[in-house]
Amino acid sequence: MTDQLYQEIILDHYKHPHGRGLRDPYSGEAHHVNPTCGDEITVRVTDDLSDISYDGMGCSISQASASVLHELLKGKPIGEAAKIHEAFVELMQGRGQVEPDEEVLGDGIAFAGVARYPARVKCALLPWMAFKDAAARAGVEVTV
Amino acid sequence: MTDQLYQEIILDHYKHPHGRGLRDPYSGEAHHVNPTCGDEITVRVTDDLSDISYDGMGCSISQASASVLHELLKGKPIGEAAKIHEAFVELMQGRGQVEPDEEVLGDGIAFAGVARYPARVKCALLPWMAFKDAAARAGVEVTV
Amino acid sequence: MTAFDVARVREDFPILSREINGHPLVYLDSANTSHKPVQVLDVMRTYWERHNANVSRSVHTLGTESTTAYEDARAKVATFIGARSPDEVVFTKNSTEAINLVAHSLGASVGPGDEVVISEMEHHSNIVPWQLLCERTGATLRWFGITDDGLLDESGLAELINERTRIVSLVHMSNILGTINDVSRIIARAHEVGAQVLLDCSQSVPHLPLDVVELGADLIAFTGHKMLGPTGIGVLWARADLLREMPPFLGGGSMIETVTMERTTYAAPPARFEAGTPPIAEAVGLGAAVDYLSAIGMREIHEHEIELTGYALKTLAGIDGVRVYGPGTPDGRGGTVSFDVAGVHPHDVGQILDDLGVEVRVGHHCARPVCARFGVSSMTRASFYLYNTTAEIDALAAGVEQVKKVFS
Amino acid sequence: MTAFDVARVREDFPILSREINGHPLVYLDSANTSHKPVQVLDVMRTYWERHNANVSRSVHTLGTESTTAYEDARAKVATFIGARSPDEVVFTKNSTEAINLVAHSLGASVGPGDEVVISEMEHHSNIVPWQLLCERTGATLRWFGITDDGLLDESGLAELINERTRIVSLVHMSNILGTINDVSRIIARAHEVGAQVLLDCSQSVPHLPLDVVELGADLIAFTGHKMLGPTGIGVLWARADLLREMPPFLGGGSMIETVTMERTTYAAPPARFEAGTPPIAEAVGLGAAVDYLSAIGMREIHEHEIELTGYALKTLAGIDGVRVYGPGTPDGRGGTVSFDVAGVHPHDVGQILDDLGVEVRVGHHCARPVCARFGVSSMTRASFYLYNTTAEIDALAAGVEQVKKVFS
Ligand SMILES: Cc1ncc(COP(=O)(O)O)c(C=O)c1O
Ligand SMILES: Cc1ncc(COP(=O)(O)O)c(C=O)c1O
């Protein structure tokens, strides 16, 4: 059962996170909390997305999700980042009915299994929501 | 069924109440309300119980009960009034298990049937509780 | 279901086969509380026997199932009243709590000089919270009166609702007169002066098709047990943007974002207003009730009740010594008919009727100012729902004749 | 019942025969909410199918039966906790509402300069109402700390509770550390300075024999769903003389004596604090739960849980990388055991355990300050009740080994 959830890719990102740690300079920062479990994340972005840095405490899903976010969005043109962001959110909110596109989501497709666990969807989305807020504060709209 | 409740004696007292109307002089007065139905009664007593007067709006049970109270307690020595008061309250709170003593309660025994109707016990007791308060204010304790 | 079939509906309500004092139960007290169909009872039982867990707090399977069931119920209720989003639906314990919530939360910014407007037609649950608010804050409580026909008296509207008015809280359908208040002019005037309007829909949501967007109020309150649901659950609906600005009322688990010893921040609505373990099974039951009502159709139910009300008004008008309060025709009124039997106290009317298995409510119906307005201390009330029949109204009429005989 | 027979007890709980992800359900989350025995479900079903009506408002047969059932439930609860009279028992919707009620009602006479004392060990439901009270009134909130062993730190007692202290509100048994607080010294000190003491007994009343007179607090709060009863019902107990002096909190039907447009007077307790239609069926269910618990015996239940707790503490201590929070032996603690698996986030622990049918709670358990005190953002918690077995604790241990394997 939880094999679907804890895919190798997710455990890899969890154990070896990409781009972790808060860095300067940045143009926008946001701090988000999952009220149920107390997990937290802080995300910083530059206004051209040339860097996305983050730090926080959380479960494997939220930590791996932050690492994947960093990998997928860092350095991307804003329009493309917005599309990837939307695809990821759609995948998470699809209750397991959405077929992920590897072209767009890369390692993110490993999260398809998470969508079947409503209680964990919030974990996976935590960094993405914080990123969106941080980007907005940097003047970057990631809504397509 | 309700024949037990609406005994002839009760209906008689209701249609032809004894001693109804507020009179002067008096030493203590109390106004009681039944919060469920809005029924009200005001009772006045002199400090020797030589007069007990009352007025109010209420159902047949509460009105008849006031009339019976007037008949039973007016002019009685305080000790005896206290005993009758206690016997009536006991009868009402006895859930139909208490055998009333006609020697003590006179027409009050007609209320034995009321004790089987928890919702109506409050109606029957309304004047008796107001009387007790009025008496207390007149310096008369009717607790035995 | 194509045509409304009251006989089939009755089969869903086990209690209706009960006898009272040797007579078949004739339950005419649904405005007080309604009975529950097996469909609602079964859903709750299944919830407890299969899915029971606390919500929003556990990642385990039972917790996830419970949370889904609870949030599905919220979505069903939202759809039932035409809310734009489930997030506009707050679960409370009853209407009364919902109104108190508003009085505390919206009321937190009310002060001396401000005015709150209610009416003489209100249930105590829509009076006392505002009296308490005015005591706490020094605001002034003002009232719409009632006309002799039992309608809201709007003659002083322009003055009564003015630039000092902050909150207007009115009953949508009176639980004692049956009047369905056309509140459109009042809402328009309130919005003109920037006041918020709360409607007490405790009696309307169970009996009429209702759409909050069409209605135009800012908030509404209603209660599960009057609409085939269990006790222990009520609803506050409010416009999302208003709800987002409202401060919390009860504090505790599940309504927080972060708690520290120094400072707490609060979750977004609806969670912000649902402190502690909510009435989970009760919400699930209310969801099932809403499914049941929708399957039959609120329009069909309303029409059935209009028929019963017309029949009752005619039947009661034909009895010597009976006086009906409120509107005299089914136009603009619901299936709640209060009346007086000349010379007999309502308590006695109710008692004799009960002896015949006919269950009506007597007393002030938690609307003492209405009784005072009509110069009585109490009234007898028959109220109808989807499971009632004209034959039951005949039983009521026969009972009233018996009342007159006993007290002649 | 002479000897405690867990196998027989389990037969009363239909949900325990469920499977989760292909494994038998191992429910170790009763501190969050408990399951319900058929005895409770049947009583509620019978209430709805035979006696359903509103209480305290109707003279008819159903109304009388409902009122009797509701008041009998109150009397049962009163007896269960050793209250001197049923009138000391107020029904609320949960513990959280009971605590908020006190914060508003007793809190109405609190002002700037006054102090309210709670502890770092509290559930959010016993923190936020007091933070809100202090914001409203300008009073100061003060806290008992927690020792490294997970006990209340009483070292500053004499200063912390002083002549400015008005209310002391403490958890009786911690829902996260399991600590059962011996509050006798604190109560004595509070009474010395004239403060009232509220105990949050949400976790103790379901699990221990408890007598309010012996306990010596002025008020206690607890909640139905954690003690085999339904959701939607909680209890505030308070000494009769204190309750009589407390002003109302929620306003509405059934809590009044007389309502006029100018002025309202209030009913005596407990009615004064039960505005609106109460959770009637839920009270009846709680009454049945209390009957069930009493028939088995609270002492027997407590002993069974001590055995489970001892077994769990020993078993968990034997697993490499597992650290238990709170007292290390069953002395002075209840059957609630929070722990940490080195290097694995509790969310992940809970998820893998759920995969094996083992339902534990993970997160901050609505007690974030406790997590902060021990330097973590969340914990994994196993909590036991009368229906749990040592075999289930073995299943938990096996699950933890599996967790370690996945995340090694
Ligand atoms: C110690 C403690 N206090 C208060 C509460 C709140 O109880 P409820 O959510 O039923 O209001 C709980 C349980 O959630 C608890 O464990
Ligand atoms: C018009 C109206 N408002 C409010 C209420 C209060 O509802 P509840 O008692 O469920 O809080 C009622 C019913 O009692 C009602 O009829």
Options D:L132, D:N52, D:V38, D:T96, ranked by heavy-atom pairs under 4.5 Å with chain C, top entry = D:N52
Find the one option among C:K226, C:H124, C:H104 whose heavy-atom pairs under 4.5 Å with chain D are most numerous.
-> C:H124
Does C:L250 offer a backbone N or O that forms a donor-acceptor pair with the side chain of D:N100 under 3.5 Å?
-> no
Among D:S66, D:S95, D:A372, D:P279, who wins on heavy-atom pairs under 4.5 Å with chain C?
-> D:P279
Do any N or O atoms from the side chain of D:N94 and from the backbone of C:G276 form a donor-acceptor pair under 3.5 angstrom?
-> no
Give the minimum heavy-atom separation between D:Y266 and C:V128, together with the two atoms involved.
-> CE2-CG1, 4.0 Å
Part of C:W48 lying under 4.5 Å from any heavy atom of chain D | both
When the 4.5 angstrom heavy-atom criterion is applied to C:I20 and chain D, the contacting part is side chain
For C:T92 and D:K93 the tightest heavy-atom approach is CA-NZ, 4.4 Å
Highest number of heavy-atom pairs under 4.5 Å with chain C: which of D:R45, D:K36, D:Q351, D:H123?
-> D:R45
C:T260 and D:Q131 have their tightest heavy-atom pair at O-NE2, 3.0 Å
Given D:D354, D:D29, D:N32, D:D355, the one that forms side chain to side chain donor-acceptor pair (under 3.5 Å) with C:H60 | D:D29
Ionic contact status for C:E65 with D:R18, cut-off 4.0 Å | yes
Option that, when pairs with chain C are counted at under 4.5 Å, heavy atom only, ranks first among D:A367, D:G251, D:A283 | D:G251
Between C:L25 and chain D, which part of the residue has a heavy atom less than 4.5 Å away: side chain, backbone, both or neither?
-> side chain
Looking only at non-hydrogen atoms, find the nearest pair between C:E282 and D:P230 and report the distance.
-> OE2-CB, 4.3 Å
Might you work through the side-chain contact (heavy atoms from CB on, under 4.5 Å) test for D:N21 and C:T61, ending with a clear yes or no?
-> CA-CA 8 Å; D:N21 299 322; C:T61 301; 3.6 Å; yes
Heavy-atom distances under 4.5 Å only: say whether C:E122 touches chain D with side chain, backbone, both or neither.
-> neither
Pair count under 4.5 Å, heavy atoms only, with chain D: among C:H35, C:M44, C:R50, C:H225, highest is C:R50
Specify which of D:N126, D:I256, D:T223 makes the most heavy-atom pairs with chain C at under 4.5 Å.
-> D:I256
Might you point out which heavy atoms bring D:L62 and C:E359 nearest each other, and give the distance in Å?
-> N-OE2, 3.2 Å
For C:L41, is it the side chain, the backbone, both, or neither that has a heavy atom closer than 4.5 Å to a heavy atom of chain D?
-> both
C:Y27 versus chain D, the contacting section by heavy-atom distance below 4.5 Å = side chain
Contact part of C:P278 toward chain D, heavy-atom cut-off under 4.5 Å: side chain, backbone, both or neither?
-> backbone
Kindly compute the distance separating CE (D:M261) from CZ (C:R142), expressed to the nearest 0.5 Å.
-> 11.0 Å
Greatest number of non-hydrogen atom pairs under 4.5 angstrom with chain C, of D:L133, D:I15, D:T33, falls to D:I15
Minimum heavy-atom separation for C:T231 to D:I280, with atom names?
-> OG1-N, 3.4 Å
Engaged part of C:D42 at the chain D interface, taking heavy atoms whose separation is under 4.5 Å = both
Between C:H51 and chain D, which part of the residue has a heavy atom less than 4.5 Å away: side chain, backbone, both or neither?
-> both
Please state whether the side chain, the backbone, both or neither of C:R136 comes within less than 4.5 Å of a heavy atom of chain D.
-> neither
Hey, which of C:G253, C:G357, C:C366 has the most heavy atom pairs under 4.5 Å with chain D?
-> C:G253
Cut-off 4.5 Å, heavy atoms of chain D, and the answer for C:V360 is backbone
